[in-house]
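The analysis underlying the following values was restricted to heavy atoms, covering all of them including side chains, and did not include hydrogens, waters or symmetry mates. Just so we're on the same page: letters track the sequence lines, and every chain starts at 1.
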Number of protein chains: 2
Amino acid sequence: MARTGRPREFDRDKAIDAATALFWAHGYEPTSLTQLKASMGHISPASFYAAFGSKEALFREVVQHYLATYGQVMAPLWDESLPPREAIERTLRGSARMQAARTHPTGCLVVSGASNCSPENEPVQALLAAERQRTRAGIKACVERAIARNELKASPSTDILPNILATFFHGMTCEARDGMTVDTLDAAITSLLTLWDINTVKPLKNRQKNTENTGVRL
Amino acid sequence: MARTGRPREFDRDKAIDAATALFWAHGYEPTSLTQLKASMGHISPASFYAAFGSKEALFREVVQHYLATYGQVMAPLWDESLPPREAIERTLRGSARMQAARTHPTGCLVVSGASNCSPENEPVQALLAAERQRTRAGIKACVERAIARNELKASPSTDILPNILATFFHGMTCEARDGMTVDTLDAAITSLLTLWDINTVKPLKNRQKNTENTGVRL
DNA sequence: TAATTTCTGGATCGATTAATATGGAAGTCT
DNA sequence: AGACTTCCATATTAATCGATCCAGAAATTA
């Protein structure tokens, strides 16, 4: 769009990165414009508003950027070329590794990015809530696909499986932020997936071997 | 202590109740002094500070009050007169029912009460983090007690069981706040506890009957 | 009644919030 | 070169933040 005129002096992409780190670590409301501008190289208010519009608009950009990068650990959920169980397992293990990493704030931005909000910022909360709902739908679709492929038997305990997985998944944010390591989370995932395996149509004695050679992305 | 002088005109206990509802719904930082004072009957700043000292001191009182009332759903964890599995089950079901109830804000105050915090309020975050750690210790103690009583076999998958339960437990806050009903959470708990049962020393064929006649408190 | 204590309302503190306005320098395009 | 666009830095907006202070009213006890 902007092709003429004086070019911006700060790197917009790096600014988004810096804003992501701040919002991720402290949440939407506690992150002040002063902090944001400082993290972008002490840019002026005018530069900030010209580049991003508002704090909320910046946050929405940050969320999109997060989903397009870190959030890609959940991509297997919608990859229908993967066996459903592997899609779930890759998502869980990838998320565990991402959320517990020390190279950025721990936990998931979508879960904890706006969990404490004033009523006037309810739209921000709704944005993340919608994204979490998308995750639940993805998990549910995997389980239903497994049933359709005759890999899981249809039963009440299979019906509730997506809810268990979603609850555990969202709980990882709290655990990671409280210091749980990736190894511990990974071991928990291995054990949790037993709940999947005991609902398979033909239980294999050595099914647990599957959990070792499934790669983890990112 | 205060026996003479003009008595306070507002009900301090009701004020704590009102503050609990606000902090629970919006979190520590987004809840302003103005809101707090208004919820206590539009009391004056002087009355507020005379009665509570500061916003942070009030929050600490609120947390104690929360733990002594709503938080008592976790009491079974430290009740050694209960069989360990029943202690865990009562805690999970009681928490699910409490967190999903519509008579107060959903979710758990200890999990979401200060999840978005500025660095200067780190002590508030630490207060809740310590309480969460106490919960994890309680869950772990139950599992270890079950092993000591020869009700669970010692194994790697038993070792990780407390972490799975804690992650699920803390995830319930996110699910409840996003609208998951108590019935759904309850069904998920029933299925999750299968992970306990498959690690029992002598697996009973009709173990699942146990999940029906265990009472739920509060 | 007198003395004491603690309440109340209102004004106010400095700091910080997100957002806007202004004026001029800097760089791009024709 | 000249026109144009967009940048930057500095001030400043009104509102709100948590917290403090003071004067006077009110209720207790002696």
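Counting non-hydrogen atoms under 4.0 angstrom, Phe52(A) reaches nothing in the nucleic acid.
Applying the ring pair (Phe, Tyr, Trp, His ring centres under 6.0 Å) criterion to Tyr66(B), with sequence neighbours excluded, gives Trp24(B), Tyr70(B). Partners of Thr34(B) by side chain to side chain donor-acceptor pair (under 3.5 Å), not counting sequence neighbours: none found.
In this structure, CZ of Phe59(A) is placed 16 Å from C1' of dA18(C), rounded to the nearest angstrom. If you measure from atom CG of Leu22(A) to atom P of dA18(C), you get 12 Å, rounded to the nearest angstrom. When rounded to the nearest whole Å, the span between CE of Met40(B) and P of dT8(C) equals 12 Å. Atom pair Ile43(B):CD1 and dT6(C):P shows a separation of 17 Å (rounding to whole Å applied). Atoms CD (Glu120(A)) and P (dA18(C)) sit 11 Å apart, rounded to a whole Å. Taking atom CG of Leu58(A) as the reference point, atom P of dA19(C) lies 11 Å away to the nearest angstrom.
A salt bridge links Glu61(B) with Arg12(B): the closest approach of a Lys/Arg side-chain nitrogen to an acidic carboxylate oxygen falls below 4.0 angstrom.
Using modelled atom types and a 3.5 Å distance limit, the side chains of Ser81(B) and Asp79(B) yield a donor-acceptor pair. A donor-acceptor pair shorter than 3.5 Å cannot be found between the side chains of Thr194(B) and Ser191(B).
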**OP:** If a protein heavy atom is under 4.0 Å from the base, mark B; if only from the sugar-phosphate, S; if neither, -; do that for nucleotides 17-26 of chain D going 5' to 3'.
**Re:** SSBBB---BB
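Here the side chains of Pro162(B) and Glu144(B) are not in contact, with every heavy-atom distance at 4.5 Å or above.
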